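Right, one structure below, let's go through it.
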Amino acid sequence: MEQFSSNSTLLIVFLIVSLIICIPIQTRGEIGFGRHVKNGSDPMVPAILVFGDSTMDPGNNDYIATTFRSNFAPYGRDFANHEATGRFTNGRLVTDFVVLVYSIQLLNEASYLGIKKYVPAYLDLSLSDQELLTGVSFASGGNGYDPLTPQLSGVISMQRQLEYFKEYKSRIEKLVGGEKADYIVKSAGYVISAGTNDFVVNYYSTTLPVRRNTYSVGEYQKFLLQNVQEFIQGLWKEGSRKMAVVGLPPMGCLPDVITTNSRSIFQGRECVESLSSISREYNQQFQSQLDVLQRQFAAEDQNTKLAYIDIYTPIANMVQEPSKYGFEEVNRGCCGTGYVETIFLCNPISTTCTDDSKYVFFDAIHPTEKAYNIIFQYIRPVIDSLVSS
């Protein structure tokens, strides 16, 4: 911010800017909540709370004993201060775009819900009270709805994430009291994203095909959907009322999946339709399930909102029409060869592309920050509807 010659001038400018962008001026020690700046409206949600897998994990895996980590270069190379926080990409995740705050220093820095710049990891011991109150992520890379999936990866299961959420509720109650804590929990926006690892890491595993030997694809889909339902019901019982639940991506278009299912690593690298079709079938059943749950929950509490988040379509669009979005590479990642490198295979000695904005995927599984931003823009109308009062 430009430096001013007098304290009085600086104070006046600060007050004017604060009023324009609708940020409440807080006294020391006062805890304030994010404000959604849209036609001067009041805050739509006081916090964002996130559950799921590596697409939502900002670094929880940094604090557990697992090889499913990304707290090292080249991950995070486009994040603030080029820091590898544990996000499985080069920069921000979709949920980070959701909570971007307006900055007094950079008035043109767009914000959406006006809460803060990034969603922090719940297990981060350096969390401030304000960060805790305005939302955290419990997500863990390598996780899934099938209880076996996190066991294979040594990561935090959905059930354990739910237990952490209960612990979170107790922590914020100690900070602001029961009434305000209850308001945060019931008014917060919730994002849940998992399921890909259940198929890619678990069901279609070539080393431990336990589930494939037990279930047909259709049976496994139903098994997962039952687990999804139980998780959502458990979250609702704990007070969540505004939930955005993410479907599966076109799994057959993930670079690692293409490599695994291709006769040649380097030639004929097309999306594997048989796997993408499984995503579509699952997503269709998933939406029907959410409709049923919405009616059940609304019968008990009309404030309940469940929203299906379609990530299949935007990713498929980017892969099928890359030039429309400024991409050049769609079937390999930016890291290493881009064919198999992810987690520890994508590391400080890996070669990387010079311009990751030309790539849909950063490693062989996870999208780039640019791709995540495009996904966010696509799903934004659904989030608008979910969090509106």
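FYI, the numbering just counts along the sequence from 1. Keep in mind the model is a prediction, meaning the values are calculated, not measured.
- Salt bridge annotation for Glu238-Lys169: present, with a cationic side-chain nitrogen under 4.0 angstrom from a carboxylate oxygen.
- The backbone N or O of Gly52 sits nowhere less than 3.5 Å from a side-chain atom of Ser193 that would complete a donor-acceptor pair.
- Counting heavy atoms from C-beta outward, Val119 and Leu93 have side chains that stay 4.5 Å or more apart.
- Here the shortest heavy-atom pairing between Phe79 and Gly91 reads CD1-O, 3.5 Å.
- The heavy-atom pair separating Gly142 from Ser153 by the smallest distance is O-OG, 3.3 Å.
- Asp182 contributes no side-chain N or O that, together with a main-chain N or O of Gly178, makes up a donor-acceptor pair within less than 3.5 Å.
- For the residue pair Ser54 and His366, a side-chain donor N or O sits within less than 3.5 Å of a side-chain acceptor on the partner.
- Ion pairing between a basic and an acidic side chain is recognised when a charged N comes within 4.0 Å of a carboxylate O; Lys222 and Glu219 show no such pairing.
- Ring orientation note: the planes of Phe51 and Phe138 are close to parallel, at an angle under 30° on the 30°/60° scale.
- One distance of note links CG of Leu306 with OG of Ser240; it measures 8.0 Å at 0.5 Å rounding.
- At least one donor-acceptor pair under 3.5 Å links the side chain of Gln294 to the backbone N or O of Thr304.
- Of the possible polar contacts, none joining the Lys358 side chain to the Cys334 backbone as a donor-acceptor pair under 3.5 Å is found.
- Residues Thr55 and Val94 are not in side-chain contact: their nearest non-hydrogen atoms beyond the backbone lie 4.5 Å or more apart.
- Salt bridge status for Glu273 with Arg280: present, with a side-chain N to carboxylate O gap under 4.0 Å.
- In this structure, the separation between CD on Glu329 and OG1 on Thr368 is 12.0 Å, given to the nearest 0.5 Å.
- No donor-acceptor pair closer than 3.5 Å links the side chain of Asn71 to the backbone N or O of Asp62.
- Residue Gln287 places its CD atom among more than 12 non-hydrogen atoms of other residues, nucleotides or ligands, all under 6.0 Å distant.
- One N or O on the side chain of Asn213 and one on the backbone of Pro209 form a donor-acceptor pair closer than 3.5 Å.
- With a 4.5 Å cut-off on side-chain heavy atoms, Leu275 and Phe199 do not count as touching.
- No side-chain donor-acceptor contact under 3.5 Å links Ser157 and Gln161.
- Annotation: side chain of Phe286 is in contact with side chain of Gln289 (closest heavy-atom distance under 4.5 Å).
- Taking each heavy atom of Ala121 and Asn60 in turn, the nearest pair found is CB-OD1, 3.4 Å.
- Gln221 contributes atom CD, which lies 9.0 Å from atom OG of Ser279 (distance to the nearest 0.5 angstrom).
- For the pair Ser385 (side chain) and Val382 (backbone), a donor-acceptor distance under 3.5 Å is absent.
- Considering only heavy atoms from C-beta on, Tyr359 comes within 4.5 Å of Cys353 through its side chain.
- In this structure a side-chain-to-backbone donor-acceptor pair under 3.5 Å is present from Ser205 to Thr207.
- Scanning all heavy atoms of the two residues, the minimum distance from Leu162 to Leu235 falls at CD1-CD1, 3.8 Å.
- A donor-acceptor pair shorter than 3.5 Å can be found between the side chains of Asn202 and Thr149.
- Counting only heavy atoms from C-beta outward, the side chains of Ile184 and Tyr168 approach each other to under 4.5 Å.
- In the hydrophobic cluster analysis, where Ile, Leu, Val, Met, Phe, Trp and Tyr join through side-chain heavy atoms closer than 4.5 angstrom, Phe97 is grouped together with Val360.
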### Task
Evaluate disulfide bond (SG atoms under 2.5 Å apart) for Cys253 paired with Cys271, printing each intermediate quantity in order.
CA-CA 4 Å; Cys253 295; Cys271 292; 2.1 Å; yes
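- Under 3.5 Å, the side chains of Asn90 and Asp78 contain a donor-acceptor pair of N or O atoms.
- For Asn61 and Ser140, the side-chain atoms include at least one donor-acceptor pair closer than 3.5 Å.
- Asp356 has no carboxylate O lying under 4.0 Å from a charged side-chain N of Lys370, or vice versa, which leaves the two without a salt bridge.
- Because its NZ or CZ atom is both nearer than 6.0 Å to the ring centre of Tyr164 and within 45° of the ring axis, Arg160 counts as a cation-pi partner of that residue.
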#### Entry: Audit row: Phe68, Asn143, side-chain contact (heavy atoms from CB on, under 4.5 Å) steps and yes/no
CA-CA 10 Å; Phe68 276 67; Asn143 179 40; over 6 Å; no
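- No side-chain donor-acceptor contact under 3.5 Å links Thr196 to the backbone of Pro249.
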### Task
Determine, step by step, whether Gln285 and Glu281 satisfy the side chain to side chain donor-acceptor pair (under 3.5 Å) criterion, reporting the C-alpha distance in whole Å, the side-chain angles of both residues, the deciding distance to 0.1 Å, and the verdict.
CA-CA 6 Å; Gln285 295 177 54; Glu281 292 168 4; 5.5 Å; no
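- Contact check for Asp96 versus Lys117: no side-chain heavy atoms found under the 4.5 Å cut-off.
- Judged by distance alone, the side chain of Ser70 and the main-chain N or O of Ile343 form no donor-acceptor pair under 3.5 Å.
- Under the 3.5 Å distance criterion, with hydrogens and angles disregarded, no donor-acceptor pair is assigned to the side chains of Thr259 and Arg332.
- The aromatic ring centroids of Phe344 and Phe72 lie 6.0 Å or more from each other.
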### Task
Show the numbers, then the answer: is there a side chain to side chain donor-acceptor pair (under 3.5 Å) between Tyr145 and Glu230?
CA-CA 10 Å; Tyr145 292 117; Glu230 291 175 1; over 6 Å; no
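- Taking OH of Tyr378 as the start and CG of Asn373 as the end, the distance is 15.5 Å to the nearest 0.5 Å.
- The shortest heavy-atom contact between Phe362 and Pro74 is CZ-O, 3.5 Å.
- Of the N and O atoms on the side chains of Asp146 and Tyr220, at least one donor lies less than 3.5 Å from an acceptor on the other residue.
- A donor-acceptor contact closer than 3.5 angstrom links the side chains of Thr85 and Arg87.
- In this structure, Gly338 and Pro255 approach most closely via the heavy-atom pair O-CB, 3.5 Å.
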### Task
Any chance you could lay out the side chain to side chain donor-acceptor pair (under 3.5 Å) test for Thr337 and Glu341, step after step, and finish with the verdict?
CA-CA 7 Å; Thr337 65; Glu341 291 87 349; 2.9 Å; yes
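- The ring of Tyr215 has its center closer than 6.0 angstrom to the ring center of Phe223.
- Put simply, the side chain of Arg171 reaches to within 4.5 Å of the side chain of Leu132, judged on heavy atoms.
- For the residue pair Tyr75 and Asp363, a side-chain donor N or O sits within less than 3.5 Å of a side-chain acceptor on the partner.
- Once rounded to the nearest 0.5 Å, the distance linking OH of Tyr190 with CD1 of Ile48 reads 10.0 Å.
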